Amino acid sequence: MPLRPRSLRPARTAATTEVPDDTPIPEQVWQRVPADELVTLVSLILVAHDFPDHRARAAAEALCHGDLTGSPDTGVAELTRIHLPSLENGEVAPRAEPLLIADRGAAALVDYRRGPGLWAVGDAMDRAVVRAGRFGVGLISLRGVGPFGRVGHHAARALPHGMIGLVMAAGAAPGHPLGMAAPAGAYPEFVLDVDLADAARSPQFAGFALLVDVLAGVLSGVADHDNDTGLLVLAIAPTTLRSADGFYRAASALFGSMLGWESGSPIRYPGWREAQYLEQCRALGVPLRAAVRRRLDSLALRLGLPPLTSVD
């Protein structure tokens, strides 16, 4: 049985701030709205801004991912702050058709021609999954996309197909985001979503940011284009290399070995807590800040759409 890995959490500092026992967790005092209703409203708002229906739904799911997994700062709050302004000023073309520049079977280079990143990166993962089904791996190098939300969400599009997904971005995108998703056997799926720019501040980890620059930026050609973002999207089909049962048992052993307790706190791998939070949101509703709720309701009223309802 594998040894339990050492915790990566920083050691506790001597000085701690006392928090009163009756201090509410922010999400507990925020109003909750039905999860599907939230995604549907965002989708209809995007349709009103000239998104085709199928692109709007995929983009809405990507945008709401942060709210549904406990990272509201990168969720639907970005609709009015980032995505609608980029549509209104012409930086993003919601109906742009992707251009296939090179196709080598298992790998391809695609220019999305200022297409909405919330849809385009997920579309690229879907293309990679199809190729991985044929060749074992599918790689899409892409450029010409607008803001795309959390890369972990796009990587996780490989999971329903029993595949491993990897997404990384460089160029005009802030930082060096990297997302990875993998089946975890008998346990909740592994979903990693990090910004390697934070690690790159340490000299011994600076190479990770360069790795992303090469694979996502240089490979896609965004170094030759100003204000453009390049991404690497990769899907791997494990069962083309080994039996489904063998992979399942090995994944179960690996991720099971990560679980434990330390100083009275549970040790969990990336994706575990997010999966629990998602289940909670689907059952009890999605917590929204009052300001975000007001902006969404105002948009709905202006577009003649029904406002969000509250979960009692």
Side-chain angles (χ1 to χ4, degrees), residues 1-12 25 27 61-62 64-75 121-122 125 128-129 132 149-169 175-200 202 204-205 207-209 211-212 215 232-239 241-242 244-283:
M1 175 66 66
L3 295 176
R4 190 183 73 193
R6 181 179 299 176
S7 172
L8 298 179
R9 293 179 301 171
R12 294 183 180 180
I25 299 172
E27 289 87 343
E61 291 172 353
C64 295
H65 172 78
D67 301 281
L68 289 165
T69 55
S71 299
D73 290 337
T74 57
V121 182
M125 178 55 76
V129 163
R150 302 296 295 258
V151 288
H153 168 78
H154 300 297
R157 289 181 72 92
L159 292 174
H161 306 276
M163 297 186 186
I164 299 167
L166 179 69
V167 178
M168 57 184 73
H176 292 77
L178 181 147
M180 180 183 173
Y187 300 97
E189 292 146 336
F190 169 73
V191 181
L192 176 70
D193 196 325
V194 297
D195 185 352
L196 291 179
D198 296 332
S202 177
Q204 65 263 38
F205 292 112
F208 285 109
L211 178 148
V212 174
L215 294 178
L232 175 80
V233 173
L234 178 68
I236 303 171
T239 55
L241 301 176
R242 59 180 308 180
D245 181 65
F247 180 80
Y248 179 91
R249 287 187 285 105
S252 297
L254 171 64
F255 289 100
S257 74
M258 298 291 294
L259 307 177
W261 292 82
E262 184 176 287
S263 302
S265 299
I267 299 172
R268 300 292 184 263
Y269 55 82
W272 181 290
R273 291 185 177 86
E274 290 82 356
Q276 290 184 322
Y277 195 92
L278 176 60
E279 288 184 9
Q280 183 185 73
C281 286
R282 287 175 173 163

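These figures come from a predicted structure and were not determined experimentally.
- Separation of atoms CG (Leu234) and CD1 (Ile236) is listed at 4.5 Å; rounding is to 0.5 Å.
- Taking both residues in full, the closest heavy atoms of Ala62 and His154 are given as CB-CE1, 3.8 Å, listed atom of the first, atom of the second, then distance.
- No side-chain heavy atom of Val129 sits under 4.5 Å from any side-chain heavy atom of Arg157.
- Counting all heavy atoms, side chain and backbone alike, Ala169 lies closest to Val212 at O-CG1, 3.1 Å.
- Closest non-hydrogen pair, Ala132 versus Ala237, comes out as O-CB, 3.8 Å.
- Taken to the nearest 0.5 Å, the CG atom of Leu68 stands 9.5 Å off from the CD atom of Glu61.
- A heavy-atom distance below 4.5 Å is found between the side chains of Val151 and Asp193.
- When all heavy atoms are compared, the tightest approach of Gly185 to Ala251 is N-CB, 3.8 Å.
- In this structure, the side chains of Trp272 and Leu259 come closer than 4.5 Å at one or more pairs of heavy atoms.
- Checked by atom type and distance alone, the side chain of Thr69 never pairs as donor or acceptor with a backbone atom of Glu274 at under 3.5 Å.
- When Tyr248, Phe255, Phe247 are each tested for a side-chain contact (heavy atoms from CB on, under 4.5 Å) with Pro183, only one passes: Phe247.
- In terms of heavy-atom proximity, Pro270 sits nearest to Leu192 at CG-CD1, 4.0 Å.
- Side-chain contact check for Tyr269 versus Pro188: some heavy-atom pair is nearer than 4.5 Å.
- Using modelled atom types, one side-chain atom of Arg242 and one backbone atom of Gly246 make a donor-acceptor pair closer than 3.5 Å.
- In this structure, the side chains of Pro238 and Ile164 come closer than 4.5 Å at one or more pairs of heavy atoms.
- Taking CG of Leu159 as the reference point, atom CE of Met125 lies at 9.0 Å (rounded to 0.5 Å).
- Distance CZ/Arg268 to CZ/Arg273: 7.0 Å, rounded to 0.5 Å.
- Taking both residues in full, the closest heavy atoms of Ala235 and Met163 are given as CB-SD, 4.3 Å, listed atom of the first, atom of the second, then distance.
- Remark: Asp67 CG to Leu278 CG distance equals 11.5 Å, nearest 0.5 Å.
- For the atom pair Leu211 CG and Leu196 CG, the distance stands at 8.0 Å (nearest 0.5 Å).
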